[in-house]
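Comments concern the structure below.
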Amino acid sequence: MNKDFDVIVIGAGAAGLMCAAQAGYRGRKVLVLDHAKQAGKKILISGGGRCNFTNMDVEPNNYLCSNPHFVKSALSRYTQWDFLGLIAKYNVAYHERDFGQLFCDDSAKEIVRILMSECQDANATVRLRTDIKSVEKVDSGFVVETPSVKYQVESVVVATGGLSMPKLGATPFGYQVAEQFGLPVLPTKAGLVPVTLHQSDKDALSELSGVSLPVRIESKDQTSFAADMLFTHRGLSGPVVLQISNYWLPGEALSIDLLPSMDVEQSLTEQKQKSPNQSLKNTLAQWLPKRFVEVLLAEQKLADKPLKQLQHKEFDAVVQTLSAWQIKPNGTEGYRTAEVTLGGVDTNAISSKSMMCKTVQGLYFVGEVVDVSGWLGGYNFQWAWASGWAAGQEC
């Protein structure tokens, strides 16, 4: 029985490494265990390899959680400015993109380097390629068994992530540990994920694969986002589709404003007065990709005729189509391409201050394994930093 450590953190991702460093700085002897060959694998591929590590504007309403108040404590105690302080300590250059998103100038490897350096400075040990066989509660804490060693520790932090991107080694291990100790786990599903379309819509839109345009999308619950939408050979993607996927429910249609920066009715009226003989197709092709216009006219059964010949009813139908194009996805691409997992360990069973289970002394859950999912744009990393930091103060 190895008793060299006080704390075992299971998972060498964003939340786990942050937690390990924080606990180490408090003088705790920390061991991080992960079955992967590399620490921070999800960090490395995020943001196209540049890691969208936080956002300039982080608020609790940027998160989905069955208890919307749960995120407030951790996010207020370790903010985006705190993480930017850490970035500055290591002289990592970064830049801001749309909607306050912050990315490394160079590479996501910089973020992993920071976390591993912090662990090293805090004397936290990181061991990779190590499977966990079992986690058992004993009087003095926990026994964590690996194929070669049994460790006895006071605290265990579960930072195993969700089910998204199984190619990177995602497993349900964290949920299994929670259930083993009697914690409720809320149903999980893929989040921040492209949507797929029914065959008829897919066939109609197939030639648009690769076409992108700025839109505003609204789900049935009236949540809406504005950003770029991308047509793919399976359906719809792009930032705006990933955002709305967290709010879309099977069987519901999405309403898409194809020209969000225009008053369509007014612009069409002005165009009709200015160029009455111009065809509807040529008019719309000034505002939208030509191929998309052709598909819209065919699918929505809109008559391509000179603007002056449009009847009131036809004119209204064009305005309605452009302002609220209805499309009903048949599903999503699932965990394979999802950026996050919705659902997870029920936050009602966890202290929002320390991330410790309310019923099991010394057992903590941080990061994506918990029922907290952020919007696209650096919010999920900020949750990883904040929840990892919070547990690291206590474990």
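Annotation: cation-pi pair Lys29/Phe5 absent, no NZ/CZ under 6.0 Å from the ring centroid and within 45° of its normal. Cation-pi check for Arg113 over Tyr90 is not met; the charged atom does not lie both under 6.0 angstrom from the ring centroid and within 45 degrees of its normal.
In this structure Ala23 satisfies the side-chain contact (heavy atoms from CB on, under 4.5 Å) test together with Arg26, Arg28, Val30, Cys395, sequence neighbours excluded.
Counting only heavy atoms from C-beta outward, the side chains of Asp57 and Phe99 never approach each other to under 4.5 Å. Considering only heavy atoms from C-beta on, Lys281 comes within 4.5 Å of Glu294 through its side chain. The closest side-chain heavy-atom distance from Trp81 to Val58 is not below 4.5 Å. Taking 4.5 Å as the limit, every side-chain heavy atom of Val143 sits out of range of all side-chain heavy atoms of Tyr151. For the pair Thr321 and Leu296, the minimum side-chain heavy-atom distance is below 4.5 Å. Side-chain contact between Lys202 and His233 is absent, with no heavy-atom pair separated by less than 4.5 Å. Within the 4.5 Å cutoff, side-chain heavy atoms of Phe365 are placed close to those of Val158. Between Phe181 and Val135, the closest side-chain pair of non-hydrogen atoms falls below 4.5 Å.
Considering all non-hydrogen atoms of both residues, Cys104 and Glu110 come closest at SG-CB, 4.4 Å.
Arg291 places a side-chain N or O within 3.5 Å of a backbone atom of Glu207 that can act as its donor or acceptor partner. Under a 3.5 Å cut-off, the side chain of Arg97 and the backbone N or O of Asn52 do not form any donor-acceptor pair.
No donor-acceptor contact under 3.5 angstrom links the side chains of Ser140 and Glu154, judged on distance only. Gln199 and Asp203 share a side-chain donor-acceptor pair at under 3.5 Å. The closest side-chain donor-acceptor pair between Arg216 and Ser224 falls under 3.5 angstrom. Thr341 and Glu368 form a side-chain donor-acceptor contact under 3.5 Å, judged by distance and modelled atom types alone. In this structure, a donor-acceptor pair under 3.5 Å is absent between the side chains of Tyr78 and Gln382. Side chain to side chain, Asp82 and Thr79 meet the donor-acceptor criterion of an N or O pair below 3.5 Å. Side chains of Gln176 and Gln180: a donor-acceptor N/O pair is absent below 3.5 angstrom, by distance only. Residues His35 and Asp131 have side chains that never bring a donor and an acceptor to within less than 3.5 angstrom of each other. Side-chain atoms of Ser66 and Asp371 include a donor-acceptor pair closer than 3.5 Å. Between the side chains of Ser373 and Tyr379, no donor-acceptor pair is found at a separation under 3.5 Å. Defined by atom type and a distance below 3.5 Å, a donor-acceptor pair is missing between the side-chain atoms of Gln101 and Glu96.
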- request: For side-chain hydrogen bond (donor to acceptor under 3.5 Å, both in side chains), just list the numbers for Gln326 and Ser255, CA-CA rounded to whole Å, side-chain angles, deciding distance to a tenth of an Å, and then say yes or no.
  value: CA-CA 5 Å; Gln326 300 290 306; Ser255 178; 3.2 Å; yes

ring-ring contact (aromatic ring centres under 6.0 Å, His included) between Phe70 and Tyr63, intermediate numbers included: CA-CA 10 Å; Phe70 179 79; Tyr63 294 86; over 10 Å; no

query: Given the rule in the side-chain hydrogen bond (donor to acceptor under 3.5 Å, both in side chains) test, do Ser164 and Lys42 qualify, once you have shown the distances and angles that lead to the verdict?
result: CA-CA 10 Å; Ser164 48; Lys42 207 168 172 186; 3.0 Å; yes

message: Does Tyr175 form a side-chain hydrogen bond (donor to acceptor under 3.5 Å, both in side chains) with Thr160? I'd like the steps, not just the answer.
response: CA-CA 9 Å; Tyr175 307 133; Thr160 49; over 6 Å; no

task: Could you please spell out the steps behind the side-chain hydrogen bond (donor to acceptor under 3.5 Å, both in side chains) verdict for Asn330 and Thr196?
output: CA-CA 6 Å; Asn330 74 341; Thr196 54; 2.7 Å; yes

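Residue Gln120 places its CD atom among 12 or fewer non-hydrogen atoms of other residues, nucleotides or ligands, all under 6.0 Å distant. Annotation: Lys220, atom NZ; neighbour count of heavy atoms from other residues, nucleotides and ligands within 6.0 Å does not exceed 12. The number of heavy atoms from other shown groups lying within 6.0 Å of NZ (Lys290) does not exceed 12.
Screening Lys308, Lys301, Lys272, Lys305 against Glu314 for a salt bridge (Lys or Arg N to Asp or Glu O under 4.0 Å) leaves a single residue, Lys305.
Between Phe292 and Trp325, the angle of the ring planes goes over 60°, which puts this pair in the perpendicular group of the 30/60° scheme. Between Phe83 and Phe53, the ring planes are tilted. Angles from 30° to 60° get that label.
In this structure, Ile350 CD1 and Ser387 OG are separated by 9.5 Å, a value rounded to the nearest 0.5 Å. Interatomic distance, CG of Leu102 versus NE2 of His95, reported as 9.0 Å (0.5 Å rounding). Distance check, rounded to the nearest 0.5 Å: CG of Leu17 to CE of Met116 gives 6.5 Å.
In summary, Glu333 and Arg234 engage in a salt bridge, as defined by a charged side-chain N under 4.0 Å from a carboxylate O.
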